[in-house]
Amino acid sequence: MRAQTAEADSDASLQGLMTLLEQETRLATKNGMNADFVPGMATILLGQDLIARGVRNVGDALALVPGISQGLEMTGERQILSRGVGYGYASGNIKLLLDGVSMNSTVFATANPVLNIPIEQVARIEVIRGPGASVHGEYAFAGVIDVITVKQQRTLHGQAMEEGEYGGGGAWFWRDPERDLSFSVNALGLEGDGGVAVAEDALYGVDLAELSLAPGSSNESRRYRGLFADLRWGDLFAAVKVLDDDYGDYFGINHFLPPDDSRLASRQGYQSLQLGADLELSQRLSTRLRLEALRHHRDRADLYVSPKDYFLPGQPVFMSQDYQETRYRASADLHWRPNPRHRVLFGLEGSHVEVDEATWDWPEAFAIDFPWLDETRNRQILSLVAQDEYRLNDRVTLTGALRLDDYSDASTYLSPRLAAVWRMNSGHILKLQYARAFRPPTFYELEYPSEGSIDAAEIATYELGYIIRRPFWRARLILFQSDLTEPIVFSDEANGYINNADARLRGVELEYEYRFAADLRVDANLSYVDSVNRGTDRRLPGGTDLLGNLALLWRPVEPWTAALQLRYVGERERRVGDPRAPVDAYTTADLTLSYGSASRRGLYTHLGVKNLGDADVRYPDQAASLGGVELPYLDDYPRPGRRWWLSVGYAF
């Protein structure tokens, strides 16, 4: 029995690498449905496919999705831009789920530790581009991402990267079919002391080069710990998640290059407990019940503020900042199927978020003894969801959804969606969708408005999609336009958060997969977006108009696989007020050779090189100022060049 299971898992793994799969997702509508038939465009990334392409973590994997690009905050916080939306300090505009649990913090709306989860812990990643608030509520503004962790493997593995992290972990599961009982655990730990060469920091731009630590190396030390455990008994389950993601202060909070002394200046973590039940009440009625408790901490320990003699004679300035919040959430989804053509969803959610701690510590000379955030802040949200999927006939499905969210510290918001999917025949699918979403202000934005109050941002998106499905190839095309109303941004001029001028985005995304033979596959996508800020008539900062991916996967001899992954990122617009030319475009190539897989009993290994051509990769710098002085990072944020990596494991 066990041998048959291992063989089936192996076949599924190879099929995932070399064939075009029919994949289901619950992310778009909370109903299991073929990814090509859901409203909007869904992308599903398989963990085994990702590691074969040389992907090392969740954030890197998302760069393979059309329309999604990466950014970086000056102290190491990852940024994900969807169709050009998401640039700026503490900019959380995408809903990040981990096995269905919302991980966005209420203080910044980000979830950096999820983006740093190593791909060895990931079974699949599901992505919905565009607004998803009609189903998922807050922060599902520019997209929704669900990272689904490995649960049915027995492995031990280790990994290392040149001038990067090293470590290892394993996964184990147990099943008792007679009692319908199963348990799985998935744990991994990494640490490292990396960095990139920095020639000049902001001190060079203000004629204080003598105080700078540049030339030097950025402080990109890292320590990651992740453990995910699941217990299931019939229709009941319990899940525990523990994430600790610690890293250095990279390029410095004020653009002053920090000491390269292996300090873990930023420490973020989550501890989550989820209890739930999936109950079949009748042939036509079922329910999903969930109770969640999540604690998030975001601590800054010895964060580098300034070099010696800049503020204090003879000594540098460091500061510490601690934050912790707790969230409780209860939800109930009722699925009703009155007839084979009709599916109705009613959802009720309630959540409570409160600040447990918000303190900071400065040198005595600064005499700062007040909290950086109001520790009495809390938020209650009551949400109602109604969704109706109706099949007019065997070819046309209409979907309408409406979500109401009532915030105790903000307002009440409505998020509608209307969509139609027309399966013209077995090989052609046409999609239309209108969706509207909101993005509520975070605790930090409410604490530091430039003046008055901050209103929620809104986005309305119109999409037209077309899919062609053939036995050996598949193509997807989507045209979209998004209108942003009062997006929330940080303004240096206003010294706080503001509702910025409206913006318009329109673009096209194209995906293509072709299987030349049983052992050779090509996977490509290309996306173009034209964005404009209606207040400045300039493109939105941080993003690019052109993105492309091309992958070639070849299995010359079983069980060997070779993969070449090319990535193109066009010129990126700088922040408002920066007169410099756009950041240069670049193309990277990753080459990976794999033997076996974690789904197949025995030894498996992956050997790869990232950025094979040693391309010059830089992310646009974020706005930084101190005492009214603007401090641009003259070289932007350079990223590592060519690096080797190795992952070795054994599946039992």
Minimum heavy-atom distance [X]-[Y], with the two atoms named:
{"X": "Q153", "Y": "S599", "answer": "NE2-OG, 3.9 Å"}
{"X": "A358", "Y": "Y323", "answer": "CB-CD1, 4.3 Å"}
{"X": "Q70", "Y": "Y619", "answer": "CB-OH, 3.7 Å"}
{"X": "A301", "Y": "S320", "answer": "CA-OG, 3.8 Å"}
{"X": "A437", "Y": "S415", "answer": "CA-OG, 4.3 Å"}
{"X": "A419", "Y": "P39", "answer": "CB-CB, 3.5 Å"}

Without swapping roles, check the side chain of [X] against the backbone of [Y] for a donor-acceptor pair under 3.5 Å.
{"X": "E73", "Y": "T75", "answer": "yes"}
{"X": "T287", "Y": "D333", "answer": "yes"}
{"X": "S408", "Y": "Q380", "answer": "yes"}
{"X": "D361", "Y": "Q321", "answer": "no"}
{"X": "S134", "Y": "P416", "answer": "no"}
{"X": "Q121", "Y": "P118", "answer": "no"}
{"X": "K95", "Y": "H136", "answer": "yes"}
{"X": "D249", "Y": "A265", "answer": "no"}
{"X": "R436", "Y": "I459", "answer": "no"}
{"X": "N104", "Y": "T110", "answer": "no"}

Would you say [Y] and [X] are linked by a side-chain donor-acceptor pair, where the criterion is simply a distance under 3.5 Å?
{"X": "N116", "Y": "N57", "answer": "no"}
{"X": "D246", "Y": "Q268", "answer": "no"}
{"X": "E463", "Y": "Q433", "answer": "yes"}

Check whether any side-chain heavy atom of [X] sits under 4.5 Å from a side-chain heavy atom of [Y], and report yes or no.
{"X": "L334", "Y": "L345", "result": "no"}
{"X": "L404", "Y": "T412", "result": "yes"}
{"X": "Y224", "Y": "E165", "result": "no"}
{"X": "Y637", "Y": "M74", "result": "yes"}
{"X": "V107", "Y": "L373", "result": "yes"}
{"X": "T399", "Y": "V38", "result": "no"}
{"X": "R403", "Y": "V135", "result": "no"}
{"X": "H352", "Y": "R379", "result": "no"}

Would you call [X] and [Y] a salt bridge, using N to O less than 4.0 angstrom?
{"X": "D590", "Y": "K610", "value": "yes"}
{"X": "E191", "Y": "R223", "value": "no"}
{"X": "E77", "Y": "R298", "value": "yes"}
{"X": "R377", "Y": "E447", "value": "yes"}
{"X": "R267", "Y": "D299", "value": "no"}
{"X": "R575", "Y": "D621", "value": "yes"}
{"X": "R83", "Y": "E509", "value": "yes"}

Quickly, which of R288, R290, R327, K30 forms a salt bridge (charged side-chain N to carboxylate O under 4.0 Å, His left out) with E349? Name it, please.
-> K30

Mind running side-chain hydrogen bond (donor to acceptor under 3.5 Å, both in side chains) on T149 and N186 for me, showing each step along the way?
-> CA-CA 8 Å; T149 58; N186 175 359; 4.8 Å; no

Q622 vs Y87, side chain to side chain contact (heavy atoms under 4.5 Å, CB included): CA-CA, chis, key distance, verdict | CA-CA 9 Å; Q622 305 283 311; Y87 175 82; 3.1 Å; yes

Going through the checks in order, is the side-chain hydrogen bond (donor to acceptor under 3.5 Å, both in side chains) test met by R129 and T43?
-> CA-CA 8 Å; R129 307 190 292 279; T43 300; 2.8 Å; yes

Kindly say whether the aromatic ring centers of Y407 and Y413 come within a distance under 6.0 Å.
-> yes

Assess the pair Y448 and Y497: is the distance between their ring centroids shorter than 6.0 Å?
-> no

When rounded to the nearest 0.5 angstrom, what is the spacing between [atom1] in [X] and [atom2] in [Y]?
{"X": "L46", "Y": "E126", "atom1": "CG", "atom2": "CD", "answer": "9.5 Å"}
{"X": "S221", "Y": "N219", "atom1": "OG", "atom2": "CG", "answer": "4.5 Å"}
{"X": "E486", "Y": "R439", "atom1": "CD", "atom2": "CZ", "answer": "13.5 Å"}
{"X": "E325", "Y": "L294", "atom1": "CD", "atom2": "CG", "answer": "7.5 Å"}
{"X": "E511", "Y": "L64", "atom1": "CD", "atom2": "CG", "answer": "11.0 Å"}
{"X": "S69", "Y": "I80", "atom1": "OG", "atom2": "CD1", "answer": "8.0 Å"}

For side chain to side chain contact (heavy atoms under 4.5 Å, CB included), just list the numbers for N378 and T376, CA-CA rounded to whole Å, side-chain angles, deciding distance to a tenth of an Å, and then say yes or no.
-> CA-CA 6 Å; N378 62 82; T376 66; 5.7 Å; no

[X] charged N/C atom sitting above [Y] aromatic ring, 6.0 Å / 45°:
{"X": "R56", "Y": "W645", "answer": "yes"}
{"X": "R222", "Y": "Y247", "answer": "no"}
{"X": "R295", "Y": "Y270", "answer": "no"}

Could you walk me through whether L98 and I148 pass the side chain to side chain contact (heavy atoms under 4.5 Å, CB included) check?
-> CA-CA 6 Å; L98 183 58; I148 301 169; over 6 Å; no

The residue among I94, T442, V144 that forms side chain to side chain contact (heavy atoms under 4.5 Å, CB included) with Y139 is T442

Determine, step by step, whether V569 and R572 satisfy the side chain to side chain contact (heavy atoms under 4.5 Å, CB included) criterion, reporting the C-alpha distance in whole Å, the side-chain angles of both residues, the deciding distance to 0.1 Å, and the verdict.
-> CA-CA 8 Å; V569 177; R572 281 155 298 166; 4.0 Å; yes

Should D244 and R225 be marked as a salt bridge (Lys or Arg N to Asp or Glu O under 4.0 Å) after you check the CA-CA gap, both sets of side-chain angles, and the distance that decides it?
-> CA-CA 5 Å; D244 280 303; R225 302 288 186 270; over 6 Å; no

